[in-house]
Amino acid sequence: MEQYDVLIIGGGLVGCASAYHLAQRGASVLLAEKGDINRQASGQNAGSLHFQLEHRLIEHGDALAEQFSRIIPLNRLAAELWADLETELEAPLEVVMKGGLMAALTDTEVTLLKKKHALEQKNGMDTQLLTGEDARRKAPYLCNKVLAAAYFPGEGHANPRLVTPAYARAARKKGASIRKSCEVISLYHHKDRWIATLQTEEGRTQVSAGKILNAAGAWAASSALLAHIHLPVFPVPLMMNVTEAAPAFLPHLVQRASAKLSMKQVADGNILIGGGWSSRFQMTHGRPDFDKRPALIKQNVIRNLALAAELVPDMTRHHLLRCWTGVVGVTADQLPLLGEVPGFPGYYIAAGGSGFTLGPVYARLMGELMTTGATAYDISLFSPARFDHINGFMKGG
């Protein structure tokens with residue numbers, strides 16, 4: 001039976017980046033991906049690097065906004081990491097960090113923006129609060145309705161089709177084994193080791209690992225059930241839009257203070273428009289089929305594009321090229337799940353939160369934690385221990 005220090009489940013950004021960091025620290029690593037590397041959310045998102053608090057984290061009252069603000073130090077770490085990532089991986093990733101603007105078009109949004117800015121300042125993130133006039137001076141493409149904007153110079157975007165494969169290549173160079181079309185179909189703990197059964201095209205085989213890292217993203221909950229563990233990670237189907245290529249005019253990542261909108265223009269000139277609009281799971285035999293691509297909701301496409309045209313009037317001149325859908329995993333409290341699951345020695349999870357923006361940081365932290373038992377940055381706020389109560393019936397199984 002093959003033996004490894006760590007078995008990683010999931011070949012998305014978090015999984016491949018974790019394989020890189022673990023192997024770099026000397027661990028023997030096997031990554032098992034049931035499909036292809038970067039096939040799901042890691043390769044289907046729009047590549048935004050949004051380090052400011054998103055509208056979804058600040059729109060539900062002061063108490064929850066204060067809770068969500070605990071992620072800001074993690075965002076700051078991510079901004080530093082992304083700035084040097086192309087150098088570290090020795091690969092072009094189309095990382096562009098020319099700043100991000102979150103605009104307010106109403107008095108209510110201005111109030112929300114000010115609260116967000118105060119929370120960010122309190123947690124060490126140096127966002128700038130701009131007047132509408134200052135915002136339009138910095139970003140003349142914005143509409144005259146903009147009353148204020150929050151600006152962070154480190155925001156931007158990267159190409160999600162390039163980042164995960166670059167991590168996978170770097171991981172292999174460090175000695176990690178990465179297997180595609182390799183599904184973990186059973187998992188149990190025996191004498192301080194985890195025994196996993198892998199299903200491949202050639203058949204079934206078993207491997208032994210001292211530790212497991214669940215990096216399955218939207219499928220983290222179903223993957224955890226193999227180990228008799230409940231994890232509150234829920235698959236959410238989303239959609240994105242992209243326009244035809246246009247002359248460069250939109251250098252920033254642009255968001256709206258209380259609406260589902262994100263916009264950025266990539267190197268080829270195409271403008272990506274999203275912000276968290278839902279698509280819909282397709283059904284098979286009366287159940288959501290997570291293996292099928294979610295279906296578009298036409299009305300959501302229209303509403304998303306209308307928001308874009310309102311904030312950036314020039315968008316009315318650009319034709320929609322295509323739309324696509326994908327699936328992301330969100331936790332019950334919208335904060336990341338990072339660390340060892342209590343009561344299940346050697347079983348770790350890295351999921352939830354903004355998986356693309358924060359994925360490299362999750363991976364670096366997991367590499368540190370799983371090889372040394374601690375991290376230089378305190379991640380106790382994101383520990384699976386906060387959901388320990390839901391596993392009361394599962395322990396010892």
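For this chain, numbers begin at 1 and follow the sequence in order.
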Exercise for the section: Decide whether H252 and Y151 meet the rule of one side-chain donor and one side-chain acceptor closer than 3.5 Å. Expected result: no
Problem - Pair S278, N300: side-chain N/O donor-acceptor within cut-off below 3.5 Å - result: yes
Determine yes or no for a side-chain-to-main-chain donor-acceptor pair under 3.5 angstrom, with [X] supplying the side chain and [Y] the backbone.
X	Y	answer
Q265	P247	yes
Q52	G100	yes
W82	V95	no
E340	G346	yes
T111	D107	yes
S48	T357	no
Y167	G15	no
N75	F51	yes

Give me the atom names and distance for the closest heavy-atom approach of [X] to [Y].
X	Y	result
L93	L162	CD2-O, 3.8 Å
V327	P294	CG2-CG, 3.7 Å
R386	L335	NH2-O, 3.2 Å
R161	N159	N-OD1, 2.9 Å
L238	S279	O-OG, 3.0 Å
L272	M240	CB-CE, 4.1 Å

Co-membership, hydrophobic cluster, residues [X] and [Y], 4.5 Å side-chain:
X	Y	result
V96	L358	no
L85	I37	yes
L253	L261	no
Y377	L369	yes
L81	V163	yes

Problem - Working for side-chain contact (heavy atoms from CB on, under 4.5 Å), residues L112 and T108 - result: CA-CA 6 Å; L112 197 63; T108 299; 5.8 Å; no
Drop me the distance from [X]'s [atom1] to [Y]'s [atom2], to the nearest 0.5 angstrom.
X	Y	atom1	atom2	answer
Y188	L226	OH	CG	13.5 Å
Y348	L7	OH	CG	14.0 Å
T325	R293	OG1	CZ	5.5 Å
N144	L147	CG	CG	10.5 Å
N241	N270	CG	CG	12.5 Å
F382	L337	CZ	CG	10.5 Å

Problem - Residue that, paired with S208, satisfies side-chain hydrogen bond (donor to acceptor under 3.5 Å, both in side chains) out of H190, K191, R193 - result: R193
Problem - Evaluation steps, side-chain contact (heavy atoms from CB on, under 4.5 Å), between V146 and L105 - result: CA-CA 5 Å; V146 174; L105 275 62; 3.9 Å; yes
Would you indicate whether the side-chain heavy atoms of [Y] and [X] approach each other to under 4.5 Å?
X	Y	answer
I8	L30	no
H50	S262	no
L307	R303	no
C182	Q199	no
V301	L305	yes
Y141	P251	yes
Q128	P153	yes
D333	F387	yes

Handout entry: Verdict with supporting geometry, T131 and D134, side-chain hydrogen bond (donor to acceptor under 3.5 Å, both in side chains)
Key = CA-CA 5 Å; T131 65; D134 287 339; 3.2 Å; yes
Handout entry: Set of residues satisfying side chain to side chain contact (heavy atoms under 4.5 Å, CB included) with respect to T197, sequence neighbours excluded
Key = I185, S186, R204, Q206
Practice task
Check the pair R137 / E133 against salt bridge (charged side-chain N to carboxylate O under 4.0 Å, His left out), numbers first and verdict last.
Solution key: CA-CA 6 Å; R137 190 175 296 116; E133 184 178 347; 2.9 Å; yes
Problem - Set of ring pair (Phe, Tyr, Trp, His ring centres under 6.0 Å) partners for Y347, sequence neighbours left out - result: W194
Exercise for the section: Not counting sequence neighbours, which residues clear ring pair (Phe, Tyr, Trp, His ring centres under 6.0 Å) with F281? List them please. Expected result: F290
Give every donor-acceptor pair under 3.5 Å between a side-chain atom in residues 314-321 and any protein atom, sequence neighbours left out.
{"unit_1": "D314", "atom_1": "OD1", "unit_2": "R317", "atom_2": "NH1", "d": "2.7"}
{"unit_1": "D314", "atom_1": "OD2", "unit_2": "H318", "atom_2": "NE2", "d": "3.0"}
{"unit_1": "T316", "atom_1": "OG1", "unit_2": "P313", "atom_2": "O", "d": "2.9"}
{"unit_1": "H319", "atom_1": "ND1", "unit_2": "E244", "atom_2": "OE2", "d": "2.9"}

Problem - Charged N-O contact under 4.0 Å between K116 and E120 - result: yes
Exercise for the section: Considering only NZ, NE, NH1 and NH2 on the basic side and carboxylate oxygens on the acidic side, decide whether R179 and E2 come within less than 4.0 Å. Expected result: yes
Practice task
Let me see the working for L338 and M366 under side-chain contact (heavy atoms from CB on, under 4.5 Å), right down to the final yes or no.
Solution key: CA-CA 8 Å; L338 299 175; M366 287 300 100; 4.0 Å; yes
Problem - Worked check of salt bridge (charged side-chain N to carboxylate O under 4.0 Å, His left out) between R256 and E109 - result: CA-CA 9 Å; R256 179 88 177 259; E109 288 187 342; 2.9 Å; yes
Exercise for the section: Not counting sequence neighbours, list each pair that qualifies as a side-chain hydrogen bond (donor to acceptor under 3.5 Å, both in side chains) and has a residue in residues 16-26. Expected result: Y20-Q24, Y20-E88
Exercise for the section: Take V29 and D5 through the test side-chain contact (heavy atoms from CB on, under 4.5 Å) and record every step on the way to the result. Expected result: CA-CA 6 Å; V29 178; D5 294 325; over 6 Å; no
Handout entry: Name of the residue among K264, K98, Q255, M102 meeting side chain to side chain contact (heavy atoms under 4.5 Å, CB included) with E155
Key = Q255
Exercise for the section: Please identify each residue that fulfils salt bridge (Lys or Arg N to Asp or Glu O under 4.0 Å) with K122, with sequence neighbours left out. Expected result: E66
